[in-house]
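In what follows, a structure is listed as structure tokens, so that the remarks can point back to it.
Hydrogens, waters and symmetry mates play no part in the numbers below; they use all other heavy atoms, side chains included. Every number for a ligand or one of its atoms is a count from 1 in the order of the listing.
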Amino acid sequence: MIHEYPESFARFYDLIYHKHRDGVDNEYFQKQIKSAKGKILEIGVGTGRLFIDALHQGADIFGLDISQSMIDVLFSKLGRDQHYRISLQNIVDFHYDFEFDLIIAPFRVLMHLMGKDEQIRALNNVYGHLSANGKFIFDTFVPDLEQLINGVQNRTDFEGEYVKGKKIKRMVSTKPSLINQTIEVNFHLEWDEDNELRHEDWKVPLRFFFRYELEHLIERSNFEKYMIFGDYHENELNHDSKEFVVICQKKSNL
Ligand SMILES: C[S@@+](CC[C@H](N)C(=O)[O-])C[C@H]1O[C@@H](n2cnc3c(N)ncnc32)[C@H](O)[C@@H]1O
């Protein structure tokens, strides 16, 4: 089952996430992109938060996403001659006629895959599109035990203006399910428009992973080699780690 991002979420995505995420993962992914030699693919490219900078730096980068709403925002930032780089496809069964030296799925893309079968198909499909020695990098958050028990209730995680004088606020609530290993996230958006207060809710489940489930999953896939780090500086996992940063590598044909 796919959970497309709604238009309102896509519309305000950059405003919220350039603020929340750029300082966290941007430098790391841009560095990885810069050091890749051939073609690069960003899976779950979204509005191009990372993609646009990479393209401007000269990367031969492609992007795919299941959400038309997110892709539409990305198209609005790209010249028509670059639209061929973007397509509406699913990580589980996407297809290109060429291979990539680096494939990335930044910012929780894999947490949108609920079932074991689609997770394995996604990993193997990525594997099949990598050149020899190619790398796949993705991240998931380290589950916060307190939040897994109590969830979060109406926490304001963004407040500002989307254009001068027009306010926007976002509140987040979460409902964890230990047995399904999911967190149902409710995003509540409120914003000024046409002299009234608009609001919209969007519920989306995220599948959380513990370390050894990630290890088992990758070991069941075609990938022969992987490492899991605890942050975007590639430090080892430790008790304070907030992210699993996973690098899977395809072995060389030699
Ligand atoms: C949190 S956003 C990350 C966007 C971008 N990578 C970034 O770092 O800002 C996750 C993106 O993954 C996309 N996505 C979710 N499930 C997907 C799937 N099965 N295949 C491809 N993209 C998917 C969503 O539509 C969304 O645009």
For ligand 1, which of its N or O atoms have a protein N or O partner closer than 3.5 Å, and how long is each gap?
| from | atom 1 | to | atom 2 | distance (Å) |
| --- | --- | --- | --- | --- |
| ligand 1 | 6 (N) | Glu42 | OE2 | 2.8 |
| ligand 1 | 6 (N) | Gly44 | O | 2.7 |
| ligand 1 | 6 (N) | Pro106 | O | 3.2 |
| ligand 1 | 8 (O) | Arg49 | NH2 | 2.9 |
| ligand 1 | 9 (O) | Tyr13 | OH | 2.6 |
| ligand 1 | 9 (O) | Arg49 | NE | 2.8 |
| ligand 1 | 19 (N) | Asn90 | OD1 | 2.8 |
| ligand 1 | 20 (N) | Asn90 | OD1 | 3.4 |
| ligand 1 | 20 (N) | Ile91 | N | 3.0 |
| ligand 1 | 25 (O) | Asp65 | OD1 | 2.6 |
| ligand 1 | 25 (O) | Ser67 | OG | 2.6 |
| ligand 1 | 27 (O) | Asp65 | OD1 | 3.3 |
| ligand 1 | 27 (O) | Asp65 | OD2 | 2.7 |

>> Holding to salt bridge (Lys or Arg N to Asp or Glu O under 4.0 Å), I want the full list of residues that pass it with Lys34, two or more places apart in sequence or in another chain.
In response: none

> Think Arg11 forms a cation-pi with Tyr13, using NZ or CZ under 6.0 Å from the six-ring centre and within 45 degrees of its axis?
Replying inline: no

> Is there any salt bridge (Lys or Arg N to Asp or Glu O under 4.0 Å) pair reaching into residues 236-245, and which pairs are they, with sequence neighbours excluded?
Replying inline: Arg21-Glu243, Arg108-Glu243

>> Could you check whether Phe138 and Phe136 have their ring centres less than 6.0 Å apart?
In response: yes

> With a cut-off of 6.0 Å (strictly less than), are more than 12 heavy atoms of other residues, nucleotides or ligands near CD of Glu7?
Replying inline: no

>> I'd like to check the salt bridge (Lys or Arg N to Asp or Glu O under 4.0 Å) partners of Asp192; sequence neighbours left out, ordered by chain and number.
In response: none

